[in-house]
Protein chains: 2
Amino acid sequence: MNDVKGGLRADAQANRDRILEVARETLTATSDASLNSIAKAAGVGPGTLYRHFPTREALVAGVYRKEIDALVALAPALVEAHPPLEAFRLWCDRLAHYGRMKHALADALHAAMTAGNLQEGYLPMVGAIDHLLRACEASGDFQPGANAEDILLLLGFLWRLPAGEVGEARGERLIELIIHGLG
Amino acid sequence: MNDVKGGLRADAQANRDRILEVARETLTATSDASLNSIAKAAGVGPGTLYRHFPTREALVAGVYRKEIDALVALAPALVEAHPPLEAFRLWCDRLAHYGRMKHALADALHAAMTAGNLQEGYLPMVGAIDHLLRACEASGDFQPGANAEDILLLLGFLWRLPAGEVGEARGERLIELIIHGLG
DNA sequence: ACCTGAACACCGTTCAAGT
DNA sequence: ACCTGAACACCGTTCAAGT
């Protein structure tokens with residue numbers, strides 16, 4: 001659905017790209033900007049935006065696609081380059097920091113979780129966490145049996161941190177608490 | 001602001017009560033019901049609802065007022081009646097279960113937290129948790145230094161549990177994990 | 001095959017006019 | 001002192017008409 005190389009006509013593809021670009025800028029500034037205003041800013045009719053992204057979630061997911069992919073790909077890389085527990089910590093830090101539309105992403109992920117349908121971006125995310133968890137279990141840092149979906153749910157607090165203090169002491173304190181709980 | 005015994009005229013008080021009653025029913029069924037529809041269902045003009053509850057948050061807080069108060073009052077009672085760790089567990093369970101408008105309440109609490117202003121209901125909530133934490137520290141179940149605001153933030157996952165499984169194994173698993181992390 | 005943009009029903013919010 | 005309800009600007013969404 002987010003195929004960049006899909007069979008889209010050239011103009012459609014251009015519109016899609018422009019919409020995503022404008023959406024990123026706009027939603028970063030004001031995470032509850034209206035879809036119509038994004039369409040107008042992108043120079044397309046509302047119907048066009050709606051065709052490409054039938055729902056607000058779909059638009060947010062589209063914007064985040066690359067960052068989510070990067071985050072997912074990062075997990076195995078970290079495990080190879082660092083001791084498992086260190087890898088887990090680093091991944092959590094990255095999760096906490098990337099982007100400023102965190103709230104919108106959190107909602108999208110939550111919707112994907114509660115909807116029960118395995119929406120794009122969610123399953124790989126769980127997979128990434130699972131990868132880290134198993135590494136930490138193998139090294140003996142975590143007790144076996146932890147569920148990746150559970151941990152993603154728990155890590156959701158990262159997006160509810162007051163705006164100013166992302167990555168500050170508070171987030172790290174709570175990540176440490178979760179790690180301690182897993183040990 | 002939520003004074004029931006305040007200087008409200010009789011008709012105003014009656015309107016207020018009816019609005020809260022209708023809001024509870026409506027929001028329990030559909031947590032994103034429009035304010036106008038609530039006003040209409042309560043038989044008042046939109047302006048009247050707006051006067052009593054200038055914001056959606058205010059309305060949600062109004063509905064939850066009593067339950068929040070009960071939750072806050074429960075903390076010391078539990079500490080007196082049970083061993084501290086048990087009290088903490090029971091309070092978390094209660095937090096997870098009460099009401100079905102959890103999502104709306106979560107948003108209101110979150111708004112209160114991020115706004116930084118000590119909105120009604122939030123501070124007492126933190127106080128209740130603090131009471132439990134200190135008891136658990138005194139008994140040696142928890143290590144000292146845990147921050148009540150942090151723990152409320154972490155417990156926020158309870159409201160993002162998929163609809164069906166409140167109070168199910170998953171919630172308890174994660175509460176246990178937090179407890180273990182605090183130990 | 002894709003886009004435009006008017007149109008629809010609705011939203012939150014305000015405010016003159018009533019009692 | 002409080003309420004009503006019309007009004008405003010806007011929202012998400014649809015769909016005929018265009019190219």
Side-chain angles (χ1 to χ4, degrees), chain A residues 1-27 29-63 101 103-104 107-108 110-111 115 119, chain B residues 1-27 29-63 101 103-104 107-108 111 115:
Chain A
M1 191 173 287
N2 278 320
D3 265 4
V4 173
K5 57 188 173 194
L8 284 179
R9 227 167 57 177
D11 56 344
Q13 181 64 50
N15 274 333
R16 226 195 97 96
D17 292 345
R18 198 146 19 89
I19 289 170
L20 283 177
E21 189 184 323
V22 169
R24 148 164 281 127
E25 293 166 13
T26 309
L27 290 176
T30 321
S31 74
D32 61 344
S34 79
L35 299 187
N36 278 349
S37 74
I38 292 175
K40 187 152 65 172
V44 301
T48 300
L49 187 149
Y50 207 73
R51 159 188 293 260
H52 285 291
F53 306 100
T55 193
R56 170 174 275 264
E57 281 170 28
L59 180 60
V60 171
V63 168
M101 294 166 47
H103 221 352
D107 290 346
H110 178 232
Q119 285 185 16
Chain B
M1 190 174 287
N2 278 319
D3 264 4
V4 172
K5 56 188 174 198
L8 283 179
R9 229 169 55 179
D11 56 344
Q13 181 64 49
N15 274 334
R16 225 194 98 95
D17 293 344
R18 197 146 19 89
I19 289 171
L20 282 176
E21 191 186 320
V22 169
R24 146 163 283 126
E25 294 166 13
T26 309
L27 291 176
T30 322
S31 74
D32 61 343
S34 79
L35 299 187
N36 278 349
S37 74
I38 292 175
K40 187 152 65 170
V44 301
T48 300
L49 188 149
Y50 208 73
R51 158 188 295 258
H52 285 290
F53 306 100
T55 192
R56 170 174 275 263
E57 281 170 29
L59 180 58
V60 171
V63 168
M101 294 166 46
H103 221 351
D107 290 347

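Every chain is numbered from 1, with letters handed out A, B, ... down the list of sequences. Just so it is clear, the values below take in all heavy atoms, side chains as well, and ignore hydrogens, waters and symmetry mates.
Qualifying side chain to side chain donor-acceptor pair (under 3.5 Å) partners for A/Arg51, counting only residues two or more places apart in sequence or in other chains: none.
Within residues 38-45 of chain B, no residue has any heavy atom under 4.0 Å from DNA chain C.
Between the CZ atom of A/Arg18 and the P atom of C/dC2 there is a distance of 15 Å, given to the nearest Å. One atom, CG of A/Asp11, and another, C1' of C/dA1, lie 8 Å apart when rounded to the nearest Å.
Scanning all heavy atoms of the two residues, the minimum distance from B/Ala41 to B/Val22 falls at CB-CG1, 3.7 Å. When all heavy atoms are compared, the tightest approach of A/Leu49 to A/Ala39 is CD1-N, 3.8 Å.
In this structure the side chain of B/Ile38 never reaches within 4.5 angstrom of the side chain of B/Arg56, judged on heavy atoms.
Separation of atoms OG1 (B/Thr26) and CD1 (B/Ile19) is listed at 11.5 Å; rounding is to 0.5 Å. Here the CZ atom belonging to B/Arg18 is positioned 11.0 Å from the CG atom belonging to B/Leu20, to the nearest 0.5 angstrom.
Taking 4.0 angstrom as the limit, A/Asn15 places a side-chain polar atom (N or O) nearer than this to OP1 or OP2 of C/dC3. In this structure, B/His52 reaches the D/dC3 phosphate: one of its side-chain N or O atoms is under 4.0 Å from OP1 or OP2.
For residues 32-43 of chain A, the pairs satisfying side-chain hydrogen bond (donor to acceptor under 3.5 Å, both in side chains) are A/Ser34-A/Ser37, with sequence neighbours left out.
None of A/Asp17, A/Asp11, A/Asn15 except one satisfies the side-chain hydrogen bond (donor to acceptor under 3.5 Å, both in side chains) rule with A/Gln13; the exception is A/Asp17.
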Sugar-phosphate or base contact per nucleotide [nucleotides 12-19 of chain C; S, B, -; heavy atom under 4.0 Å]: BBBB----
Base-pairing string, 5' to 3', of DNA chain D - Watson-Crick or wobble, under 3.5 Å, | interstrand: ||.|||||...|||||.||
